[in-house]
Amino acid sequence: MRTATLGPAQRAESLASMAERELDVLVVGGGVVGAGTALDAVTRGLSTGLVEARDWASGTSSRSSKLIHGGLRYLEMLDFALVREALKERGLLLEKLAPHLVRPVPFLYPLQHKGWERLYAGAGVALYDTMAMTHGRGRGLPVHRHLSRRHALRAAPCLKKDALVGALQYYDAQMDDARFVLTLVRTAAAYGARTANGARVTGFLREGERVVGARVQDVEGGGEYEIRAKQVVNATGVWTDDTQAMVGERGQFHVRASKGIHLVVPKDRIHSTTGLILRTEKSVLFVIPWGRHWIVGTTDTDWGLDKAHPAASSADIDYLLEHVNSVLAVPLTRDDVEGVYAGLRPLLAGESDASSKLSREHTVAHPVPGLVVVAGGKYTTYRVMAKDAVDAAVHGLDLRVADCVTEETPLVGAEGYHALWNGRARTAARTGLHPVRVEHLLQRYGSLAEEVLDLVASDPSLGEPLGAADDYLRAEVVYAASHESARHLEDVLTRRTRISIETFDRGTRSAREAAELMAPVLGWDSGQIDREVRHYEKRVEAERESQRQPDDLTADAARLGAPDIVPL
């Protein structure tokens, strides 16, 4: 299939096209659910638009634990339907839909009690593996195994000897969440969806009680568009209640935000060949392999402050360090922390439930004619949420519409990925890049890596790594602006790459080089390059300051010290 280039020209064309003629479906919200909904709608033959106020995945969908998993802890809550559904989706993503983006990851679960705990936890993990295989898509992952303490410490020498009596090891999967969303958007665009980030919905168009479209402000260009659609889908996650308020109708449900923070530390600070999953008094704690790093998370606390920039406080960081250090032979310190990020889970709200107890189920509603709302759920089950949302929208269309086909629709980059992976040594020889660089590109872009390599062929200097972030090639920055709808330096350093959390300087030393690479693509002059760099430096400074504050209120105030929009 052809791939979609999402550059500045395509964005302008998409906005103009959406305003020219009525769409079948307009999706509001460019996180994983909104992007998945746009892909579902367009692959059923519906004319589809997708708008996002900021950048793709700039909210919850770039700040998760980066796991594609069934949710082992939900078995303990007896939520078998949710686990079964998520495990089916995990298998689909690993084997068919996105093998270039989703890959297996092992986890070690330390046992602290002899006898009963091994039976109890072992039965749960065995059920987890069995449920995965019932869909015929669990065989891509190794089954769990029981380990003695000696064998567990051989796999994870970082653990204190008295922290376990034995262990279980099982497998789940992981991905780069922001890159996955971007790939969904590009796949939807490749099938004909019109997409625009930096396009904020400021209100809904009404005819009587019916919603017939939305007013959309071009945050980048300053214009305003009226986009008409037969059905509008609100997929705005933690902003669901705010978006619903524009309709002037009381929602049928409410979404509550739960904050989760994660720490990123270098690989050499934790000596292990496997990830870890640990129990806490409230939830579970993961130590997740992440390239040359580990991700440690997460917390689960109620959040009622700024939704765009949830802040991690000093107390949050101390909580994670305290819990992970309870099992580590060599404890982590603040100096070991390269990056910190905070995200908000959109939970369906009960009246007075603690956020860690709220539902991860999703719901779809049709509060007024012409408007569908989808909310809740978890990242792994985005495709099911999208299907349910489009099914609801189809009920409001006076058309005969095909059934959902996304279970059989691989994302761009998946086609030919395995063959390219097998031939990576030849690609390295052909391009002059080290085989490790080729592997890195294939695991981020799949078969679209050839487009990045074309940039290197036309300008060999782009085959060099970034000076202060040598995991990434200079070509990847150019490609982000020319093909992946990156509009600002922050988009590249925080979402198209992960430099903002993978370096101790949080990307500030890479900022100017990256901005200068983006400038020719986006038409920036030297003044705009300076503004982009200053904006990014202020963002990092505000985040660092927030992480020194004792609680949520003071952390939120400090984080809001940085401007939200880059001046043009």
Side-chain angles (χ1 to χ4, degrees), residues 54-66 175-182 197 260-267 288 290-298 306 308-312 316-317 320 334 336-344 440 444 465-474 476-477 479-481 484-518 529 531-548 555 558-566:
R54 297 160 66 214
D55 185 29
W56 308 122
S58 56
T60 302
S61 295
S62 62
R63 307 178 192 189
S64 73
S65 297
K66 318 208 184 308
M175 46 72 219
D176 182 328
D177 48 8
R179 176 147 297 281
F180 189 93
V181 173
L182 175 66
N197 54 350
I261 81 145
H262 297 79
L263 311 180
V264 182
V265 300
K267 196 77 166 181
I288 306 164
W290 180 254
R292 294 200 293 173
H293 318 268
W294 296 97
I295 294 175
V296 180
T298 179
D306 180 64
H309 304 292
D316 292 325
I317 296 170
L320 289 182
R334 286 287 188 112
D336 294 321
V337 177
E338 284 177 295
V340 181
Y341 63 94
L344 301 177
H440 161 88
R444 282 170 52 74
L466 282 169
D470 64 1
D471 280 352
Y472 299 94
L473 297 180
R474 287 161 54 87
E476 294 182 76
V477 175
Y479 187 77
E484 297 183 330
S485 62
R487 302 288 301 167
H488 295 286
L489 178 61
E490 180 181 344
D491 301 341
V492 171
L493 296 182
T494 62
R495 287 174 291 276
R496 304 305 184 278
T497 70
R498 292 311 191 140
I499 293 169
S500 66
I501 59 171
E502 293 176 347
T503 58
F504 280 105
D505 62 86
R506 309 279 174 96
T508 54
R509 289 173 57 216
S510 304
R512 184 158 295 276
E513 182 182 4
E516 288 173 350
L517 287 166
M518 296 172 69
I529 291 172
R531 286 189 289 273
E532 291 282 340
V533 172
R534 281 197 303 271
H535 178 273
Y536 185 76
E537 289 172 345
K538 286 179 180 176
R539 170 192 176 275
V540 171
E541 183 183 334
E543 284 189 348
R544 287 188 186 277
E545 183 60 29
S546 72
Q547 291 154 20
R548 290 190 279 266
R559 177 61 187 88
L560 292 176
D564 196 33
I565 297 175
V566 183

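These figures come from a predicted structure and were not determined experimentally. Computed over heavy atoms, backbone and side chain alike; hydrogens, waters and symmetry mates excluded.
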Those residues that, when tested against E541, pass side-chain contact (heavy atoms from CB on, under 4.5 Å) (two or more places apart): none
Should the ring pair Y472 and H440 be called parallel, tilted or perpendicular, given that the plane angle runs from 0 to 90° and is split at 30 and 60? perpendicular
Y341 side chain to S64 backbone, donor-acceptor under 3.5 Å: yes
Quick one: are S510 and T503 in side-chain contact, heavy atoms under 4.5 Å? no
Spell out, as yes or no, whether a donor-acceptor pair under 3.5 Å connects the side chain of R534 to the backbone of I529. no
Taking all non-hydrogen atoms of both residues, which atom of H262 and which atom of S65 are closest, and how far apart? NE2-OG, 2.7 Å
Cut-off 3.5 Å, side chains only: do E484 and W56 have a donor facing an acceptor? no
Looking only at non-hydrogen atoms, find the nearest pair between F504 and P266 and report the distance. CZ-CG, 3.7 Å
If we ignore hydrogens and angles and just use 3.5 Å, is the side chain of E476 paired with the main-chain N or O of T497 as donor and acceptor? no
Atom pair CZ/CG of R512 and L517 - distance to nearest 0.5 Å: 12.5 Å
Does the distance from a Lys or Arg side-chain N to an Asp or Glu carboxylate O, for R498 and D177, drop under 4.0 Å? yes
Residues A511 and L493: closest non-hydrogen pair is CA-CD1, 4.0 Å
Working to the nearest 0.5 angstrom, can you tell me the gap between D316 CG and T298 OG1? 9.0 Å
Using modelled atom types only, decide if a donor and an acceptor are shared between the side chain of D306 and the backbone of L560 within a distance under 3.5 Å. no
Which heavy atom of V492 sits nearest to which heavy atom of A486, and what is that distance? CG2-CB, 3.8 Å
Whether the side chain of T60 engages the backbone of L344 through a donor-acceptor N/O pair (distance < 3.5 Å, no angle test) should be reported. yes
Examine distances only and state if a side-chain atom of S500 and a backbone atom of R506 form a donor-acceptor pair shorter than 3.5 Å. no
Non-hydrogen atoms of R54 and S58 that approach each other most closely: CB-OG, 3.4 Å
Criterion side-chain contact (heavy atoms from CB on, under 4.5 Å) on W290 and V296, from CA distance to verdict: CA-CA 10 Å; W290 180 254; V296 180; over 6 Å; no
Would you give the length of the straight line joining atom CD of E490 to atom NZ of K538, rounded to the nearest 0.5 angstrom? 13.5 Å
Mind checking whether L489 and H535 have side chains closer than 4.5 Å, heavy atoms only? no
Given side chains that start at C-beta, do those of Y536 and T494 come closer than 4.5 Å, heavy atoms only? yes
Those residues that, when tested against S546, pass side-chain contact (heavy atoms from CB on, under 4.5 Å) (two or more places apart): A311, A555, A558, R559
Donor-acceptor pair between D564 and H309 side chains, under 3.5 angstrom: yes
Flag the pair L466 / E513 as yes when at least one side-chain heavy-atom distance between them is below 4.5 Å, and no otherwise. yes
Closest heavy-atom pair, A342 versus A312, reported as atoms and distance to 0.1 Å, is CB-N, 4.1 Å
For R548, check side-chain contact (heavy atoms from CB on, under 4.5 Å) against everything at least two apart and list the hits. R544, E545
Would you indicate whether the side-chain heavy atoms of D55 and R496 approach each other to under 4.5 Å? yes
In I501, I288, V264, the residue satisfying side-chain contact (heavy atoms from CB on, under 4.5 Å) with H293 is V264
Would you call R474 and V477 a side-chain contact if the rule is heavy atoms closer than 4.5 Å? no
Note, S485 side chain near D491 side chain (heavy atom, < 4.5 Å): no
